[in-house]
Protein chains: 2
Amino acid sequence: MRILVVEDEPGISSFLKQGLEEEAFAVDVADNGKVGLELALSGSYDLLLLDWMLPGFSGIEITRQFRKEFPSTPILFLTAKDTVDETIVGLQSGANDYIKKPFHFEELLERIRVQLRSKVGEYEKFTLGPIELYTDRHQVYKNGEEVQLTQKEFALLEYLLRNKNKVCRRTRIIESVWDIHFEYNTGVIDVFINSLRKKLDLQKDEDYILTVRGVGYMAKEK
Amino acid sequence: MRILVVEDEPGISSFLKQGLEEEAFAVDVADNGKVGLELALSGSYDLLLLDWMLPGFSGIEITRQFRKEFPSTPILFLTAKDTVDETIVGLQSGANDYIKKPFHFEELLERIRVQLRSKVGEYEKFTLGPIELYTDRHQVYKNGEEVQLTQKEFALLEYLLRNKNKVCRRTRIIESVWDIHFEYNTGVIDVFINSLRKKLDLQKDEDYILTVRGVGYMAKEK
DNA sequence: CTTTCTGCTAAGAAGGGGCTTAAAATATTA
DNA sequence: TAATATTTTAAGCCCCTTCTTAGCAGAAAG
């Protein structure tokens, strides 16, 4: 996933570049609107991250011009203050979301992920003890040997691994994996956890998928 | 942290209530705009979560009226469609952020946390001597080692830590942790205090959970 | 010192949650 | 359309959690 950051303050842009690269994004930086727009129009980005106050073209202008060519590429903009006006203009001119400075990096990440959720993720690999999971190839291995999982089994395992060492509540699991948002009273999760444990052939000492009674499940590294 | 949810669909509102309560928010629900506005104006909330399409007053009207009295309380609104217009009107009338339905609960939580971040600190972590408790992850540590607690044990410890250095009356504890609001004549609390002390392996010099004879208990930092 | 009260602790009963399995419903493939 | 695979529902079982109970120990009061 390629991201273009247009931001004139070197401190912020280098912070963003470094942080996003740690999350396995490819990041380019432009420090003014003119260069930013040129790069953006080259068409090789999956998401734009624009500072709103820029030398050269402003964020609005970049957004307007860019939208003509690329109607679906998400644009996220950074607003300096809590001014509603900026926000409104930004959304009207075609941006998808905004974030106020100062922001927490985790939040920025979450908003980027929301925007990219429709697009297919790049190559991602998760591990849990002897288990490896590749999101792109849709494959899972244990001790190097491939394990055949169905779609839902895979999705559930992926969710647990994305939240490794954190307790995953049943409600969250149902929401993220099954996309059921507003109610739940089913035992599906149990069934799929069961088949996961079976297919992964977890022995007694391999307690990688823990059940947290009354709460949910947790993929835990030893 | 108290949150008011104004939402007419019972499915959604109960889902929100449950989910937010799991994250340790106190949640009230109103199912129409009129009651919602009345409750909101009572002034005892830290954040409003408004559905935009409501019987009675609409989200806009609630926002406008509420803003006159409470200029700084964050308002988050839920929009049904991906219409920029609604969003713009919402932000113009004084809301702080919006989220599109259907949404992922994680994202909603993140946005709520952002709004409350100025009010309250980061993620919720409570400490008591060598004991650490993380509300979001549902985990407790003593001297860095995880301690396995059941739901009720966790809820009780969390309550005591939220009221650290304050005497907690038995009646309050029963109300908050067990949700029993009428009179009580049971020894449950004692039993759970006992198992907490055991599981936390408190030595004689580690008197962090004190008994206040005739009143209740207190988590006390030395 | 004795009595009375309150909290501590252990053991067991009651209840609920999760595991497992099989069968039904749904989706996919030939 | 039939055949197959996947997903979901449902039910019984077992075990963990929760709550009750009761005897005991120690504090407060007389």
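Order of the sequence lines fixes the chain letters, A, B, ..., with proteins taken first and strands second; residue numbering starts at 1 for each chain.
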Engineer: Mind calculating the distance between CG (B/Leu149) and P (D/dT18) to the nearest angstrom?
Structural biologist: 10 Å

Engineer: If you check the B/Asp190 side chain, which of C/dC8, D/dT7, D/dT18 turns out closest?
Structural biologist: C/dC8

Engineer: Over how many whole Å does the gap from B/Phe154 atom CZ to D/dT17 atom C1' extend?
Structural biologist: 16 Å

Engineer: Whether A/Thr211 contacts C/dG17 is assessed here as follows: a side-chain N or O lying under 4.0 Å from the phosphate OP1 or OP2. Is that the case?
Structural biologist: no

Engineer: Is there a side-chain polar atom (N or O) of B/Trp178 under 4.0 Å from OP1 or OP2 of D/dT18?
Structural biologist: no

Engineer: Can you confirm whether A/Val140 sits close enough to A/Leu200 that some side-chain heavy atom of one is under 4.5 Å from a side-chain heavy atom of the other?
Structural biologist: yes

Engineer: Could you check if a side-chain atom of A/Trp178 sits within less than 4.5 angstrom of a side-chain atom of A/Lys152, using non-hydrogen atoms only?
Structural biologist: yes

Engineer: Establish, yes or no, whether a centroid distance under 6.0 Å links the rings of A/Tyr45 and A/Phe70.
Structural biologist: no

Engineer: How would you label the contact of B/Gln151 with the nucleic acid (heavy atoms, under 4.0 Å): base, sugar-phosphate, or nothing?
Structural biologist: sugar-phosphate

Engineer: Side chain of B/Arg197 only, heavy atoms from C-beta on: which candidate in C/dC19, D/dC19, C/dC8 is closest?
Structural biologist: C/dC8

Engineer: Mind checking B/Tyr217 for me? I need base, sugar-phosphate or nothing, with any heavy atom below 4.0 Å counting as a touch.
Structural biologist: sugar-phosphate

Engineer: Counting N and O atoms only, with roles assigned by atom type, does the side chain of A/Gln203 sit under 3.5 Å from a partner on the main chain of A/Asp205, one being a donor and the other an acceptor?
Structural biologist: no

Engineer: As a test of reading the structure: which of D/dT20, C/dC8, C/dG7 is closest to the side chain of B/Arg170, going by heavy atoms?
Structural biologist: C/dG7

Engineer: Quick check for you: to the nearest 0.5 Å, what is the distance between A/Ser176 atom OG and A/Asn163 atom CG?
Structural biologist: 7.5 Å

Engineer: Would the base of D/dT17 count as contacting A/Arg213 through its side chain, where contact means a donor and an acceptor less than 3.5 Å apart?
Structural biologist: no

Engineer: Starting at NZ of A/Lys152 and ending at C1' of D/dA5, how long is that distance when rounded to a whole Å?
Structural biologist: 14 Å

Engineer: Mind calculating the distance between CG (A/Leu202) and P (C/dT20) to the nearest angstrom?
Structural biologist: 11 Å

Engineer: Produce the list of close N/O pairs, under 3.5 Å, pairing protein atoms with atoms of nucleotides 21-25 of chain C; give distances to one decimal.
Structural biologist:
unit_1	atom_1	unit_2	atom_2	d
C/dT21	OP2	A/Lys198	NZ	3.1

Engineer: Does any part of the side chain of A/Tyr208, heavy atoms only, come nearer than 4.5 Å to the side chain of A/Pro130, both counted from C-beta?
Structural biologist: yes

Engineer: Round to a whole Å and report the spacing from NZ of B/Lys199 to P of D/dT18.
Structural biologist: 8 Å

Engineer: Please report, rounded to the nearest Å, how far the P atom of C/dG18 is from the CZ atom of A/Arg169.
Structural biologist: 12 Å

Engineer: Around B/Lys220, counting heavy atoms of other residues, nucleotides and ligands shown, do more than 12 lie under 6.0 Å from its NZ?
Structural biologist: no

Engineer: B/Ile189 CD1 to D/dT21 C1': how many Å, rounded?
Structural biologist: 17 Å

Engineer: Looking only at the side chain of B/Thr150 (C-beta and beyond, no hydrogens), which of the listed nucleotides D/dT7, C/dG7, D/dT18 gets closest?
Structural biologist: D/dT18

Engineer: Rounded to whole angstroms, how far apart are CG on B/Leu156 and P on D/dT17?
Structural biologist: 16 Å

Engineer: Heavy-atom distance under 4.5 Å between the side chains of A/Tyr141 and A/Tyr134, does that happen here?
Structural biologist: yes

Engineer: Closest to the A/Thr186 side chain: D/dT9, D/dC19, C/dG18?
Structural biologist: D/dT9

